[in-house]
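Read the structure below first, then the notes.
Atoms considered below: every heavy atom in the structure, side chains included; atoms not considered: hydrogens, waters and symmetry mates.
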Amino acid sequence: MNLILSSVAADFSQDTWWLWLIKALVIVVYLILSVMFALWFERRLLARMQNRVGPNTVGPLGLLQSVPDAIKLILKEDFWLAGAHKVVYFIAPVISALCAFTIMAVIPVGPSVSIFGHMTPLQLADSPVAMLFVFAVAALGEYGLVLGGWSARSTLPLYGSVRAATQMISYELAQGLAMVTIFFTAGTMSTSGIVAAQTSLWNILLVMPAFLIYLVTMLGGTGRLPFDLIEAEGEIVAGAHTEYSSMKFGWYYLSEYVNMLNMSMLASTLFLGGWRSGPILTTIFGLWGGDPNQGWFPILVFIFKTWIFMSIFVWVRGTLLRFRYDQFMRLGWKGLIPGALIWLLIVLAVTGVNMVYAINMTNVLVILSIGYSLILLIWAFGDDTVKKTQAELIAEREKSDFDGFENGYPVPPLPGQHLPPSSRAARAEATAAPVAAEEVENV
């Protein structure tokens with residue numbers, strides 16, 4: 001196991017300008033088609049979870065339902081706010097979409113193959129610090145939401161943009177700390193190098209706590225349920241893009257699903273060996289003298305792994321309710337970030353011991369990884385409140401005062417809690433009392 005970050009990266013020495021163009025076009029077309037399928041996939045899977053039919057009339061099994069949906073979105077009236085900052089208002093959704101489409105450029109979807117006589121990796125670009133590029137582009141993409149909410153010069157979009165900024169800081173920080181452990185174990189920040197480092201053992205076993213933290217942060221980073229507080233319709237309508245319509249809103253909508261694909265592809269690359277097949281598939285292919293890690297077949301393996309994580313996005317949306325904002329921030333700052341920091345310290349300690357005593361780092365990390373993951377799961381699901389019945393919780397809440405705030409954050413009342421009367425209602429009640437008393441006396 002490497003202890004120092006190396007400069008491993010894919011070999012693009014035989015690439016030409018037209019190969020770059022072909023790869024770029026394939027990425028754009030693949031992402032657009034994947035978004036169309038994801039819309040159908042999400043609605044269909046949610047319908048099955050809720051005993052409904054889902055899309056079933058436009059095309060076979062309703063597969064073409066996304067086409068009329070897209071046409072409807074494009075043909076909607078495109079309005080401009082009179083008070084908006086016109087340039088920023090227009091550029092903001094473009095920034096979100098452009099950054100979302102850029103990330104896949106450094107994700108390897110397969111090994112080197114021959115394209116028109118040129119051996120080239122199934123990847124557009126790579127570098128020894130490719131993951132830093134991913135972090136930078138993902139952070140830049142958040143400016144699309146922030147600037148969109150600010151440029152509208154409207155209250156609710158501004159709230160949504162501020163939430164987007166705090167959500168990015170809270171959850172991408174924990175995500176970055178979790179990924180640092182992968183860079184140490186793989187010995188590189190190159191995406192192709194990280195895949196190559198998982199030839200014998202996938203990172204999901206080697207750094208399982210990082211995987212668990214990433215699993216939560218990928219939901220928080222994309223603003224999906226239960227972390228969709230950026231556009232909580234009950235509080236701020238649609239958040240940063242409330243004042244957008246037609247394709248200006250469509251760019252935000254598209255970037256959300258592309259970012260889901262990006263997070264799923266990164267999860268496959270960082271934790272599930274990327275395009276590499278597992279031992280079972282390798283053994284099956286070996287019976288016929290084949291290798292599932294050669295040629296074009298690994299693309300199918302990579303796509304399959306990607307849609308496993310897309311299924312998790314949909315499953316969580318159909319299962320969990322939205323967090324309150326104070327719960328959301330507490331999980332990020334008091335749960336995920338400390339958990340990621342402790343795991344990073346454990347990996348650094350094992351690395352330091354290995355430099356002195358030359359231990360078997362892989363075996364030690366796997367054992368520590370499983371043990372620390374159990375601790376995280378016990379912490380996450382061992383809360384006593386889960387064991388209480390709804391009636392007990394309501395009885396406890398009725399006994400305590402509720403002022404509409406929790407840990408400094410304004411929150412809606414839970415069952416059993418009641419908001420205190422507003423100052424306006426109190427004044428109205430005080431004014432109405434003497435009048436009512438006078439009417440009683442007159443009677």
Side-chain angles (χ1 to χ4, degrees), residues 21-80 90 92-105 107 109 124 141 144-145 148 222-225 228 230-231 233 237-265 268 296 299-300 302-318:
L21 182 61
I22 290 174
K23 289 181 181 180
L25 288 175
V26 168
I27 286 175
V28 173
V29 172
Y30 170 75
L31 288 175
I32 291 175
L33 292 178
S34 295
V35 168
M36 293 176 65
F37 180 75
L39 291 170
W40 173 87
F41 177 78
E42 182 173 28
R43 294 164 70 178
R44 191 80 176 182
L45 187 55
L46 285 174
R48 286 289 177 263
M49 294 173 70
Q50 298 166 355
N51 293 324
R52 296 184 290 108
V53 177
N56 66 336
T57 56
V58 185
L61 301 176
L63 276 168
L64 299 180
Q65 180 63 53
S66 300
V67 177
D69 289 345
I71 294 173
K72 179 182 71 173
L73 185 63
I74 294 171
L75 296 180
K76 279 188 174 181
E77 180 183 1
D78 187 14
F79 62 80
W80 289 78
F90 174 76
V94 178
I95 293 174
S96 289
L98 184 62
C99 291
F101 276 89
T102 303
I103 290 177
M104 192 181 172
I107 297 177
V109 298
L124 178 58
L145 284 173
T222 52
R224 297 279 297 182
L225 270 168
D228 63 334
I230 299 173
E231 49 182 284
E233 67 276 3
V237 191
H241 40 70
T242 298
E243 305 289 1
Y244 282 91
S245 67
S246 190
M247 272 313 292
K248 289 199 295 294
F249 169 78
W251 289 118
Y252 279 125
Y253 194 63
L254 184 65
S255 63
E256 177 185 332
Y257 280 86
V258 173
N259 281 327
M260 288 168 58
L261 288 162
N262 288 334
M263 290 293 103
S264 300
M265 289 187 286
S268 304
W296 296 89
I299 296 180
L300 298 179
F302 182 79
I303 292 174
F304 176 75
K305 292 178 181 178
T306 299
W307 283 93
I308 289 176
F309 288 99
M310 289 294 289
S311 302
I312 293 175
F313 274 107
V314 180
W315 178 30
V316 171
R317 178 185 174 182

_Going by the rule side chain to side chain donor-acceptor pair (under 3.5 Å), which residues pair with Glu256 if we only count those two or more places apart in sequence or in a different chain?_
Arg224
*Measuring from Phe101:CZ to Leu254:CG, what's the distance to the nearest 0.5 Å?*
4.0 Å
*Ile74: partners by side-chain contact (heavy atoms from CB on, under 4.5 Å), with sequence neighbours left out*: Met247
*asked:* If I take atom OG from residue Ser66 and atom CG from residue Leu73, how far apart are they, to the nearest 0.5 angstrom?
replied: 11.5 Å
*Among all residues two or more places apart in sequence or in another chain, which pass the side chain to side chain donor-acceptor pair (under 3.5 Å) test with Tyr253?*
none
*For Lys248, which residues count as a side chain to side chain donor-acceptor pair (under 3.5 Å) partner, sequence neighbours excluded?*
Asp78
_Using 0.5 Å steps for rounding, measure from the CE atom of Met263 to the OG1 atom of Thr222._
7.5 Å
*asked:* Going by salt bridge (charged side-chain N to carboxylate O under 4.0 Å, His left out), name the pairs with one or both residues in residues 306-317, residues two or more places apart or in two chains.
replied: Glu42-Arg317
*For Ile27, which residues count as a side-chain contact (heavy atoms from CB on, under 4.5 Å) partner, sequence neighbours excluded?*
Leu31, Met104, Leu124
*Excluding sequence neighbours, so at least two apart, what forms side-chain contact (heavy atoms from CB on, under 4.5 Å) with Ala92?*
Leu147, Tyr244, Tyr252
*Indicate yes or no: at least one non-hydrogen side-chain atom of Val109 is less than 4.5 angstrom from one of Tyr30.*
no
*asked:* Within this structure, what is the OG-CG distance for the pair Ser34 and Leu39, rounded to the nearest 0.5 Å?
replied: 11.0 Å
*Pairs flagged by salt bridge (charged side-chain N to carboxylate O under 4.0 Å, His left out) wherever residues 43-64 is involved - sequence neighbours left out*: Arg43-Asp69
*asked:* The test is side chain to side chain contact (heavy atoms under 4.5 Å, CB included); show your working for Lys76 and Ser245 and say whether it passes.
replied: CA-CA 7 Å; Lys76 279 188 174 181; Ser245 67; 5.8 Å; no
*side-chain contact (heavy atoms from CB on, under 4.5 Å) partners for Ile308, two or more places apart*: Phe304
*Shortest non-hydrogen contact from Ser311 toward Leu45*: O-CD2, 4.4 Å
*Do Trp307 and Leu261 have side-chain heavy atoms sitting under 4.5 Å apart?*
yes
*asked:* For the CZ atom of Phe41 and the CZ atom of Phe313, what is their distance to the nearest 0.5 Å?
replied: 12.0 Å
*Got a sec, which residues hit ring pair (Phe, Tyr, Trp, His ring centres under 6.0 Å) with Trp251, two or more places apart in sequence or on another chain?*
none
*Could you please spell out the steps behind the side chain to side chain contact (heavy atoms under 4.5 Å, CB included) verdict for Trp315 and Met49?*
CA-CA 8 Å; Trp315 178 30; Met49 294 173 70; 3.6 Å; yes
*Sequence neighbours excluded - salt bridge (charged side-chain N to carboxylate O under 4.0 Å, His left out) pairs with any residue from residues 21-32*: Asp15-Lys23
*Distance from Gln65 atom CD to Asn56 atom CG, nearest 0.5 Å?*
9.0 Å
_Leu64/Trp40 under side chain to side chain contact (heavy atoms under 4.5 Å, CB included): CA gap, chis, key distance, verdict_ = CA-CA 8 Å; Leu64 299 180; Trp40 173 87; over 6 Å; no
